[in-house]
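In what follows, chains are A, B, ... by sequence order, proteins preceding strands, each numbered from 1. What you see is a predicted model; the values in this text were computed from it and never measured.
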Number of protein chains: 2
Amino acid sequence: MTEHKHEHKQSHEAMVQDMIHIMSQHGWRITEQRKKLAEIFAKADGYLSPKDVYDQMTVNYPNVSFDTVYRNLRLLSEMGALEQFYFMDGGLKFRASCTEHHHHHLICVNCEKTLTFDYCPMEQSLHLPGSFKIMNHRFEVYGVCEECQNPNAKS
Amino acid sequence: MTEHKHEHKQSHEAMVQDMIHIMSQHGWRITEQRKKLAEIFAKADGYLSPKDVYDQMTVNYPNVSFDTVYRNLRLLSEMGALEQFYFMDGGLKFRASCTEHHHHHLICVNCEKTLTFDYCPMEQSLHLPGSFKIMNHRFEVYGVCEECQNPNAKS
DNA sequence: GTAAATGCAAAGCGTTTGCACGCGG
DNA sequence: CCGCGTGCAAACGCTTTGCATTTAC
């Protein structure tokens, strides 16, 4: 119902359509499970573990299997619709890909809600040791989000 | 032999002694395997996976078991003698802890040799979104080290 | 109708645990 | 000589694979 627009974040509906479109483009069949998968990630404002996704899937498709979840998560990552990410504890999580621009993440260590920000340390005239050919980097900030700081947020 | 001096990196010998000292301090027994573990990490100039450590251990202790390696790696991490770290692929690795100062890492994606550097993006007046209470951060740069760039480095 | 996607079960991998023996203190 | 540390084996959690059935196209 709520038609949110000119934000840099597109509407849930549009995100779902985008992901479904990507899947068709790659010659994939649009199954109910994959539609649901797209919806789950469109709604989520943070990272989801395979288990999280599975749990949300089972609400509508009680007999979905774990391997279907994994299969589709991997396929969606490979084609860039999802970002996959190993958290500090080594756990694998996924989130809808922001393909628009380079950014980094501010992640709530409690609820794992994730905000993006544009500052990138690599844009500084960074003096690095050795003579490495730089390929890649990783920068994340971990903290407690406002809601999780607030005690009135009943557990 | 080499009397380590004002370098921030101490000699292998001293590192081994430090780690052994830490273990005694915590009431641990100094077994041959644990001595060897200390030597392995003193010699390594990058991160080692449990498998790497196991492989090096078996050279001298052919019937060492994987669980002993894991147990000691975990214990050494818990007491701060080792840093543990999940790589971008989610694989767990360990390296001798630099307890001296805050730093970040430049990691060779080929050989995983690791250099440390002092620049820290959090020291900038970093404008972050939301009102998170910052707890932690992670910053790593990945590249190819000079040796791995050089074709004359025979495989 | 045909090939792809699913669900089930079983295997795979990395890591942990329980227990009897061996060794450090 | 007491008890921690070890090695073996088995369990564990997470992820992947093989195969028959179901489903999208």
Side-chain angles (χ1 to χ4, degrees), chain A residues 16 19-40 47-79 81-82 84-94 112, chain B residues 16 19-40 47-79 81-82 84-94 112:
Chain A
V16 173
M19 290 182 75
I20 289 175
H21 183 69
I22 290 176
M23 294 194 242
S24 317
Q25 289 286 310
H26 284 75
W28 294 11
R29 293 183 179 173
I30 309 307
T31 63
E32 292 298 310
Q33 291 90 331
R34 286 179 174 165
K35 269 190 248 179
K36 183 64 189 166
L37 203 62
E39 283 169 25
I40 289 171
Y47 283 88
L48 298 174
S49 69
K51 175 117 193 355
D52 295 334
V53 176
Y54 175 79
D55 289 342
Q56 292 198 43
M57 290 279 282
T58 48
V59 173
N60 297 269
Y61 304 92
N63 44 359
V64 78
S65 61
F66 244 109
D67 51 292
T68 297
V69 172
Y70 275 109
R71 220 180 300 121
N72 287 321
L73 287 176
R74 185 153 47 81
L75 291 171
L76 280 167
S77 299
E78 281 170 5
M79 71 173 53
L82 295 179
Q84 85 173 44
F85 182 88
Y86 290 91
F87 266 61
M88 301 211 64
D89 65 352
L92 179 58
K93 309 245 168 155
F94 296 81
E112 285 177 356
Chain B
V16 173
M19 291 183 76
I20 289 175
H21 183 70
I22 290 176
M23 294 195 241
S24 320
Q25 290 285 309
H26 284 75
W28 294 10
R29 293 185 176 168
I30 307 307
T31 64
E32 292 297 311
Q33 292 90 330
R34 285 177 175 168
K35 268 190 249 177
K36 182 65 189 166
L37 203 62
E39 285 170 25
I40 288 170
Y47 282 87
L48 298 174
S49 69
K51 175 115 193 355
D52 295 334
V53 176
Y54 175 78
D55 289 342
Q56 292 198 41
M57 291 278 283
T58 47
V59 174
N60 297 267
Y61 304 92
N63 44 0
V64 78
S65 63
F66 244 109
D67 51 291
T68 297
V69 172
Y70 275 109
R71 220 180 301 121
N72 288 321
L73 288 176
R74 185 153 46 83
L75 290 171
L76 280 167
S77 299
E78 279 169 6
M79 69 174 53
L82 295 180
Q84 86 173 43
F85 181 88
Y86 290 91
F87 267 60
M88 301 213 61
D89 65 353
L92 179 58
K93 309 246 167 155
F94 295 83
E112 284 178 358

Restricting to nitrogen or oxygen on both sides, can you table the protein-nucleotides 21-25 of chain D pairs closer than 3.5 Å?
{"residue": "D/dA24", "atom": "N3", "partner": "A/Arg29", "partner atom": "NH1", "Å": "3.1"}
{"residue": "D/dC25", "atom": "OP1", "partner": "A/Ile30", "partner atom": "N", "Å": "2.8"}

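Atom CG in B/Leu92 sits roughly 18 Å away from atom P in C/dC13 (whole-Å rounding). Here the P atom of nucleotide C/dA5 and the CE atom of A/Met23 are 11 Å apart, to the nearest Å. For A/Tyr54 and C/dT6, the OH to P distance is 14 Å, given to the nearest whole Å. Rounded to an integer number of Å, the gap from A/Asn72 CG to C/dA4 C1' is 12 Å. Atoms CD (B/Gln25) and P (C/dG25) sit 14 Å apart, rounded to a whole Å. For the pair A/Leu75 CG and D/dT16 C1', the computed distance is 12 Å after rounding to whole Å. Atom NZ of B/Lys35 is separated from atom C1' of C/dC23 by 12 Å (rounded to the nearest Å). When the P atom of C/dT16 is taken as reference, atom CG of A/Asp89 falls 12 Å away, rounded to whole Å.
The minimum heavy-atom distance between B/Ile20 and B/Ala38, with the atom names listed, is CG1-CB, 4.5 Å. Between B/Ala81 and B/Ile22, the closest heavy-atom pair is CB-CD1, 4.0 Å.
Among the nucleotides D/dT17, C/dT6, C/dT16, the one closest to the side chain of B/Arg74 is C/dT16.
Nucleic acid contact for A/Arg71: base, since at least one base atom lies under 4.0 Å from a heavy atom of the residue.
Checked against the 6.0 Å centroid criterion, the rings of B/Phe87 and B/Tyr47 qualify as a close aromatic pair.
If you check residues 55-68 of chain B against DNA chain D, the residues with a heavy atom closer than 4.0 Å are B/Asn63, B/Val64, B/Ser65, B/Asp67, B/Thr68, listed by number.
Put simply, OG on A/Ser24 and CE on A/Met19 are 12.0 Å apart, with the number rounded to the nearest 0.5 Å. Here the straight-line distance linking atom CG of A/Leu92 with atom OG of A/Ser77 works out to 7.5 Å at 0.5 Å rounding. Interatomic distance, CG of A/Leu76 versus CZ of A/Phe94, reported as 9.0 Å (0.5 Å rounding). To the nearest 0.5 angstrom, A/Ile30 atom CD1 is 5.5 Å from A/Met23 atom CE.
Using a 4.0 Å cut-off, no side-chain N or O of B/Gln33 falls inside it from OP1 or OP2 of C/dC23.
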For residues 55-64 of chain A, tabulate all N or O donor-acceptor pairs below 3.5 Å that involve a side-chain atom, not counting sequence neighbours.
{"residue": "A/Asp55", "atom": "OD1", "partner": "A/Lys51", "partner atom": "NZ", "Å": "3.3"}
{"residue": "A/Asp55", "atom": "OD2", "partner": "A/Lys51", "partner atom": "NZ", "Å": "2.8"}
{"residue": "A/Thr58", "atom": "OG1", "partner": "A/Tyr54", "partner atom": "O", "Å": "3.2"}
{"residue": "A/Thr58", "atom": "OG1", "partner": "A/Asp55", "partner atom": "O", "Å": "2.7"}
{"residue": "A/Tyr61", "atom": "OH", "partner": "A/Glu32", "partner atom": "OE1", "Å": "3.2"}

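Cation-pi check for B/Lys93 over B/Phe85 is not met; the charged atom does not lie both under 6.0 angstrom from the ring centroid and within 45 degrees of its normal.
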